[in-house]
Every structure is written in structure tokens, then in C-alpha cells.
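So you know, we letter chains A, B, ... as the sequences are listed, proteins then strands, and number each from 1.
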Amino acid sequence: MRDSNCTRCRLSAGCAKVCDILRGQERSEIMVIGETPDARGNNGRIRALLSRHGIHNPYFASAVNCEPPRGKKPTEAQIKSCRLYVFKQIRKIKPKFVLLMGNAAIFSIKSMKGINKARGRPFEHRGIIYLPTWTPGYIFYDPATEATIDRDIKLFADIIAAGEIPREKKLHYTLVDTKKKLMRMLAKLRGEVAFDIETTGLFPWQRHSRVTALVFAIRGKQWVIPGHHRESPWYDFEEVVAMIDRRIRKRNVRLITHNGKFDYLWMKVHFNVDWQKFAYFDTMIAHYLLDENSNHGLKRLAQVYLGAPDWDVDRETKVDGPMKELSFYAAHDGYYTLQLKHVFAMMLRNEPGVRQVFHRIMMPVVRLFVQIEFNGVYVDVSQFKKAELELDRRIIEAEKKLAECTAKVKDFPEDFNWGSPPQVADLLYNRLKLPVVERTEKGNPSVSESVLMRTDHPLARALIEFRGAKQQRSFFIEGWKPYLVNSWLHPSFKLHGTVTGRLSCENPNLQQVPRDGFIRSLITAPPGWEFIEADLSQIELRIAAELARSKSLIKVFTSGGDAHWLTALTEIQRGRGKKKEVLFTGKALAGKPVKYNEAIRLMLKAGPDACIDILPAWKELRKKAKAVNFGYLYGMWWKKFKIYARDNYGVDVDDEQAQESRTNFFELYPELESWHRRQKNTARTQGYVTSLSGRRRRLPHALLSEDTPQRREAERQAINSPVQGFANELNLMVAIQMSEEYGIDKVRLCGTVHDSIIFLVKKKYVPQVYRRVLQIMRRPKLMDELNIHMKVPIEGEAKIGPWSKGVTLERWQSQQASKVVTFSSLAKRASSRSQRSGLQIAA
DNA sequence: TACTCTAGCGCG
DNA sequence: AAAGCGCGCTAGAGTA
């Protein structure tokens, strides 16, 4: 079979043993194909993996039979030329089952690229069943891959045992294509029902997008109802939905979904039904709470928890394929969603704290965010267009400056791209011979803003301006355009987007709009409404104070103070710094000259706002302290503080000063250190930490016996996660309560940004809602219901008006008053005109 | 042609 | 010895 004189490809030239095909095991019906001879189990790893599942002595082959040079992978051409031998072996051995390990193996058989798409999905070819999986070589680089390979090998063993690709036996689905079948289904819709839909896309507002099928599943039975699909028998699918809707309402069905926010939102947008109100259990969210570190895809979970076979079909089938295949796929989704519900409900029972977060916070959040995403945010389109022109202007101006800077550079390329970091690096460090100050993670010379700020060249400034304008344009102008539906954006919130319990946001990401207001203020209220942002002030610091039981922090908060201000003033007081400014402000506050310490005391008492009014420079100081507070609070070391001070304030702090600043911080808040120790110990002993709500943050790396960077990282996460996560949960509690207390005729929530909620209020309810949201923020009722009690008071702030340009209620009311005056005078003039012309003005 | 990675930067 | 945490989006460049 082998040809030791093979010269079909270049590999044979530099290879010790040409065409290294083994003999033996030639009667096996099981074959394993690896990448190269080295991967053929001679290290024992594959054998060990296989024998774990009772597979002994298979026939080993490989995609290429000459070992490539160290560190080199065989090329496609080489695999193709070696394919001959692979096929020869298959013909001779006549295996029934073949395990394909790695990219090269699957390419050899199928000429198909992308192991990740094929992995774990058995296929049949000329009477042989193939199963692709990863190459075991990956285990060496990432131990986590072993579990996946192991699962695939288990599936392989199952295939061998069954003699065929396993199909789910309990799947009994009906394609609901007649009225009779529909009526029979409706009769059975009661209690817990899994629900899923198939669609032509991901964005329900997309033109021509359709819901192609609905799926319902109860124990032992699934139904697939063709929707807007070319094979659908329903000429009036809306009526079918209405019938189901009536049944769901009447029976108060408990709907079970996997990422139901998606399905409910589509149903609301396309059929105007509010099925999210019946959302009872979401398996994706449940799994997110049970294991925040892994993926939450339905297919993976079904494989892991239920040993399910892979039922995925290709994208075209899923999007708009034949109903026969689409329904097969859809029925599996429904079936496994219901099965997973049972598994996760059981697991949640073992973790009561997590279960409480699931039912009392996250499921209401699912229901709420269907409405929030449906509402969307309003964009002032005429301002949007103006902003685009302004950014264009800035870009052109910056380009002009850059051109001036490079006019003298000889053979400056025509097509130079200022947006390309490698090209800029080449210009700065090779052509202009500027010194390399910093390198990127990969070791390339860095051209980041931090570096440019320290670069003494007129080019640097212009480049920063260019990048700023360019980025804003592509992020927020070009980036938003595809998502603008009339004047509305509908960002999608990922409820499972972070490991800490925060939400993330995408398409577009509302949570990263620059705060300077240039873009932010484009988001505002439509006529008749007001835009309000309400945020929980210094919430993370308050939670940290509570958890650490920090005396000084608790004192600041109970006396209505500002912790960032306290840090700032304590820091300058220690070195008796800013003497002139302190004495000046103290004098203004007291109305007479005071001594330094007395002035500090007065400034502390008066708070930052009053002091900033007297001397605007205090604003910078507080901002600086804020960042320092967060940094040290979460384990920042003094070296990073130095970098921070340099990049943000252009202050070069020496090592000693930096170390002192950290020491001072923990002297001011000594309990923070012991709290840090407690969190680290908890994580190290039990492998997870718990937040005030009962949510868990699992940190397996904290269990490592050695003090590695990985363990250090886990320890810092043990400090940060319960604070960050709970802050967001508080925010969600407020959002939930707001939506419960006000109908959408009064208040429309648009989104949350970690510690704030943004919403629209019908104009005449503004004062009432404004006051109420601040009340709720002080004490959301869910806190009491979940028996969570905090010593530290919670406070909120709210602003009315375009985002980032809002004002307090007092200011807003006085503005309204003046508007009414001008309006009524206008109306008077208009009415006298209209009387003259015989017109009447509508009230 | 389409995907993945890197650098850089916006937010809390 | 080495040390804030958590995200998403874009362009450019590399890879299959």
C-alpha cells in the first residue's frame, strides 16, 4: 500500500520516513484518520481517549503520510496529493465507522474547510459513517478542548454501538398543515409548553423578514406550524396566530423557551402578540446562571446534558429551506428546550440563591426587555444628518493637517492609509525615525493614543483628531444607519452577555455612545414625550462599602456625601496640597478666611458640586479620584496608577509617590483590604463567590494550588464580580418596577446602561414619574421581597432632556414655564391672525 | 470570497 | 513574581 519512493509532494524531500503507513489491525471496522503520522496515536493520547469509550485497536491512518517539518502544517495541495493513500486504505480495510481528527483529515475526505462547522456532526458517505472532531494535539495548547473531543468520541462509540447515526427516539412531531391538526394541537396546549420560532433573519424589523414556522412542544409531542413560508397551507397565518394567542391566554399557558426574548420580540413585531407575558422558564438564562463561564447554545447544551445527537442543518435550510427539513430541525429545538427545562429546574433547586435570581429577577427581565427592544430609542434624524456633515468636516480638516505634516517626507506614498496602524508605525518609526516608546501585545511598535500623546511631532495631534472623527463617523453614523427604522434604533440587549451579571448590548451598542454629548444627544424624545436618564449614583462604591463594612465609606454615604470627593480631599490634605485653591474655596464657603484643615472640612461638607461652582478646577480633581477609587478598589497596583496618571493627566508620578497613593487609599478605607482577603479566600476554598442577590460567580482558576497569574486574575474577579453584578441587578430591579407601575401610555423604557436606565415619559407625567423613579431607586421593592438589606443608603439622580444634555426637574419646570409664556404669546398672536382670516386653531 | 485575528477605542 | 473588572465595534491585515 505504501510507496517509500513517493515524490508526489515536496514533503517527502525533508522527511525521515517517506509514506509512513503502518501495518496491522487490518480487519478493524473502525478507522481513525489523523493529520500527520505523528498524530497516529503513537503518543498514546488518542488510544487512551478511545479506550475510555471502549474503542480498542482501531486502524490508524493519516491525511498526509510524510511528517512535515516541525511546526509546519501540511498544505491543501499536499493533503490532496496524499489523498490517494487514504482512499487506498479505506478500500482495503472497508471500515464502517471513521473518526476524522482535525482539519486535514476532514479536508482529505470531503474537501471541506472549517473543522469547527463539521465537528461533532456525523455524516454518511458511500455506506461509511464519518465523525469529524478536533485533533487531540489541541489538548496540549488548550486543556479545555479535551472535554469536547471526549464528547465526540462518546458519540462515535454510540454510533458504533447503534450501527447508525443516532436519531432522537422520543421525537414525535406533526407538521400542522390542516385545520384538523391545528385544532388537535390547540386542545393539548396547556401547562408547560416549549415554544420556538424559525425566521428568515435575526432582525425582526428587516424588510421582507418572515416568521417561517412556529414550534410547540409538550411531553412526548411536538408540533411545527408552517408560517410565512412558500409551502405553507395557511392563507391567513395571522388568524392561526390569533387562535393560538386566544388559547394561550385562556389557559394561561406557561411558555418555555431557549433565548425567548428573540422569539417573543419577533412575535410582537410581526403579529403584535405579547407572549412574553407568559414567559415562564428560559433555558438559556437558566444555564447562564448555572454556568456563566461556558456557552449557552441549545445544541451544545442538549449534547452535554442530554447526550443529544447533532440535528443542525445548513444555514440555507434554516433560513428558508424545504418545510420537511425545516420542521425536522425545528421540532428538535422544541423537544430539547423542554427536556433541558427539566434538567435545569432540578439544578436550580440545588442552588436556592441562584434560583431566586432566576425567577425573581431574570425571568421578569426577559419579559421586560422584549418590551424595551420593541420600544427602541428615538433618534433626531435631522440632527443626525448635521452631525454627519460636521464629522466629515473634521475628517477633511485633520487630513489636511496630516498632509501638511508629511509634505516634506520624501517618497510619501500616494495611497497612504492613516487608519492603518502598521502603515502609521512604518511612517513614524522607519521613515521619521521616531523612538519606539511602547510595544503592543504582539510586540509591534504601538501607535495608540497614549503613545501619540507623548510623541513630539505635529503629526501626532492631527492623527489623534483624525482618528477621533473617523471613529465616531464609522461607529455611530455609518454604524447606526443599517439599524435605523424610521427614526428608531432597536438595540439588542444580551441578558447573558457578561460573566458578572451585567447585560451587554449590540446592533448597535447603546452602552458605548461617547458621553461628550455630540452623538449622545442625538438620542432624545419624539414629540409629546421627554427623554429621561436615571442613574444610581456611585452605586458600585456603595455596594463595596456594604460588603466590606467600611466605616469611613458608610459614614460618607449615610451623611449624603460623595466618596470620590472624600478620597480626593483626603489625598490633598495629607500633603497639604492645593493650598491656594483650598483656602480660596474655604473662604467662599465660610464667608470669611479659614485655616487649611477647616477649609477641607467645609469643602467635604459642602460636597463637590458647591465647590466646583466656586472653583471649576475641582471637577478634574474629583474625576481623578474617581478613577483611582475604582482602580484600587478592584486590585490595581501602583505601577498601573503611574500609567493612568500619565495618560489621563499628563502627571509623571514617581514610584514612591505612586506607592504612597495606594497606601494612603487603604489607610483611608482599611476594611477594604480585609474584604479583599475574604473574597480571595472564599474563591480559593469553594471555587466561587456569591453576590448579595444569591448569584454565583464561579472561578475555577481560583482553585489552582499554585499562585499563578491565572489564579491572581480569578482572585481579582472574586472581588469585582459581586459588586459589578449586583449593581446591575439593582438597576434591573428599578427597571422592572418602573414597567410594572406605569403602562406604556405613560412610560416607555428604552434601555439600561449598567447603573442607569433610560426611558421616555409622556410630557404631562414628567414630574410625577421623575420623583417616583428616584423613590424606587432608593428602595426597589424587590430588595425587600428578596430579603436583601443594605445599611448603606442608595441614591439616584435623574436628568430630563436629550441624552447627556438633560436637566433636573427644577430646571426643566422653569424651562417649561418660560416656554408656556412664549407659546401662549405666540398662540395669542396666531389666534388674532386667524380671527382675522376666519380660521380656528385646534386646541 | 469569507472568515478570523489584532489594534485601537468607546462605555460603565 | 506580578497584579483593576466588565463589554462591542471598526478597519486593516492575514489566512484559507
Side-chain angles (χ1 to χ4, degrees), chain A residues 73 75-77 79 103 107 111-117 292 417-425 438-452 463-464 467-468 470-480 491-494 496-516 518-520 535-536 538-540 544 626-641 643-644 662 665 676 680 697 706-725 727-728 731 752-756 804:
Chain A
K73 283 187 167 186
T75 66
E76 269 174 34
I79 297 166
N103 231 332
F107 181 79
S111 280
M112 192 183 131
K113 284 172 250 177
I115 181 69
N116 287 328
K117 272 186 213 153
E292 72 282 1
N417 186 348
W418 289 102
S420 162
Q423 289 187 37
V424 172
E438 232 172 70
R439 290 188 173 269
T440 66
E441 228 174 286
K442 284 270 158 185
N444 302 320
S446 169
V447 288
S448 68
E449 188 174 332
S450 156
V451 169
L452 292 177
L463 185 52
I464 289 172
R467 286 219 279 236
K470 190 91 175 168
Q471 196 213 23
Q472 289 220 339
R473 212 202 120 105
S474 43
F475 265 50
F476 306 108
I477 304 295
E478 294 309 322
W480 283 7
S492 179
F493 290 84
K494 258 197 194 141
H496 62 296
T498 72
V499 286
T500 57
R502 273 189 179 177
L503 314 185
S504 68
C505 180
E506 57 187 5
N507 306 329
N509 184 352
L510 195 69
Q511 297 176 329
Q512 62 175 162
V513 183
R515 35 181 329 170
D516 63 20
F518 180 70
I519 299 289
R520 232 177 227 214
D535 66 287
L536 294 158
Q538 307 169 64
I539 189 62
E540 288 197 19
K626 182 176 173 182
V628 171
N629 269 345
F630 283 121
Y632 288 145
L633 179 64
Y634 296 132
M636 182 175 74
W637 207 240
W638 58 267
K639 281 192 178 172
K640 181 106 182 215
F641 170 74
I643 295 168
Y644 181 83
R662 190 173 185 281
F665 179 84
H676 282 190
K680 289 177 186 177
R697 175 79 178 95
E706 274 171 62
D707 189 5
T708 61
Q710 270 187 327
R711 195 177 84 174
R712 291 280 170 164
E713 194 184 344
E715 287 169 358
R716 289 192 299 275
Q717 289 167 337
I719 294 164
N720 173 275
S721 292
V723 179
Q724 191 186 102
N728 179 63
N731 197 43
T752 63
V753 189
H754 311 309
D755 61 0
S756 67
S804 85

**Q** What's A:Val513 touching, base or sugar-phosphate or nothing? Going by heavy atoms closer than 4.0 Å.
**A** sugar-phosphate
**Q** If you check every side-chain atom of A:Asn509, which of C:dC7, C:dG8, B:dG12 has the closest atom?
**A** C:dG8
**Q** Any side-chain N or O of A:Gln717 under 4.0 Å from OP1/OP2 of C:dG4?
**A** no
**Q** For C:dC9, does either OP1 or OP2 sit under 4.0 Å from a side-chain N or O belonging to A:Asn507?
**A** yes
**Q** Can A:Ser804 and A:Arg520 be said to form a side chain to side chain donor-acceptor pair (under 3.5 Å), step by step?
**A** CA-CA 6 Å; A:Ser804 85; A:Arg520 232 177 227 214; 5.7 Å; no
**Q** Do any side-chain nitrogens or oxygens of A:Thr500 fall under 4.0 Å of OP1 or OP2 in C:dC5?
**A** no
**Q** With a non-hydrogen cut-off below 4.0 angstrom, is A:Glu715 in contact with a base, only sugar-phosphate, or nothing?
**A** nothing
**Q** Distance check: side-chain N/O of A:Arg716 vs OP1/OP2 of C:dC5, anything under 4.0 Å?
**A** yes
**Q** When you measure from the side chain of A:Glu506, which nucleotide among C:dG8, B:dG8, C:dG4 comes out closest?
**A** C:dG8
**Q** Taking a pair as Watson-Crick or G-U wobble with both distances under 3.5 Å, which nucleotide is matched to C:dT15?
**A** B:dA2
**Q** Do A:Glu706 and A:Arg711 meet the salt-bridge criterion of a basic N to acidic O distance under 4.0 Å?
**A** no
**Q** Less than 4.0 angstrom between a side-chain N/O of A:Asn417 and OP1 or OP2 of C:dA11, yes or no?
**A** no
**Q** Do A:Gln511 and C:dC7 have a side chain to base donor-acceptor pair shorter than 3.5 Å?
**A** no
**Q** Nearest to the side chain of A:Pro514 - C:dG8, C:dG6, B:dC11?
**A** B:dC11
**Q** Think A:Asn728 has a side-chain N or O under 4.0 angstrom from the OP1 or OP2 of B:dG12?
**A** no
**Q** A:Ser721 near the nucleic acid: base, sugar-phosphate alone, or nothing, with a heavy-atom cut-off under 4.0 Å?
**A** nothing
**Q** Could you tell me which non-hydrogen atom of A:Trp480 sits nearest to which non-hydrogen atom of A:Ile519, and how far apart they are?
**A** CH2-CG2, 3.8 Å
**Q** Return the pairing partner of C:dG8 with a 3.5 Å limit on both distances, Watson-Crick or G-U wobble; otherwise return none.
**A** B:dC9
**Q** Measure from the side chain of A:Val447, starting at C-beta and using heavy atoms only, and say which of B:dG8, C:dA3, C:dC5 lies closest.
**A** B:dG8
**Q** I want to check one thing: is the phosphate of C:dG12, taken as OP1 and OP2, less than 4.0 Å away from some side-chain N or O of A:Arg467?
**A** no
**Q** So does A:Lys494 get a side-chain nitrogen or oxygen closer than 4.0 Å to the phosphate oxygens (OP1/OP2) of C:dG8?
**A** yes
**Q** Classify A:Glu449 by what it touches in the nucleic acid, base, sugar-phosphate, or nothing, heavy-atom distance under 4.0 Å.
**A** sugar-phosphate
**Q** Choose from C:dG4, B:dG8, B:dG12 the nucleotide whose nearest atom is closest to any side-chain atom of A:Trp637.
**A** C:dG4
**Q** Determine the minimum heavy-atom distance between A:Arg712 and A:Asp707, stating which atoms define it.
**A** NH2-OD2, 2.6 Å
**Q** How close do A:Asn728 and A:Gly501 get, heavy atom to heavy atom, and via which atoms?
**A** ND2-O, 2.8 Å
**Q** Quick check on B:dG12: is either OP1 or OP2 less than 4.0 Å from any side-chain nitrogen or oxygen of A:Ser756?
**A** no
**Q** If you look at every strand shown and take non-hydrogen atoms under 4.0 Å, does A:Arg520 touch a base, only sugar-phosphate, or nothing?
**A** sugar-phosphate
**Q** Is the phosphate of C:dA11, meaning OP1 or OP2, less than 4.0 Å from a side-chain N or O of A:Ser420?
**A** no
**Q** Please find the pair of heavy atoms, one from A:Asp755 and one from A:Ile539, that lie closest to each other, and give the distance.
**A** CB-CG2, 3.6 Å
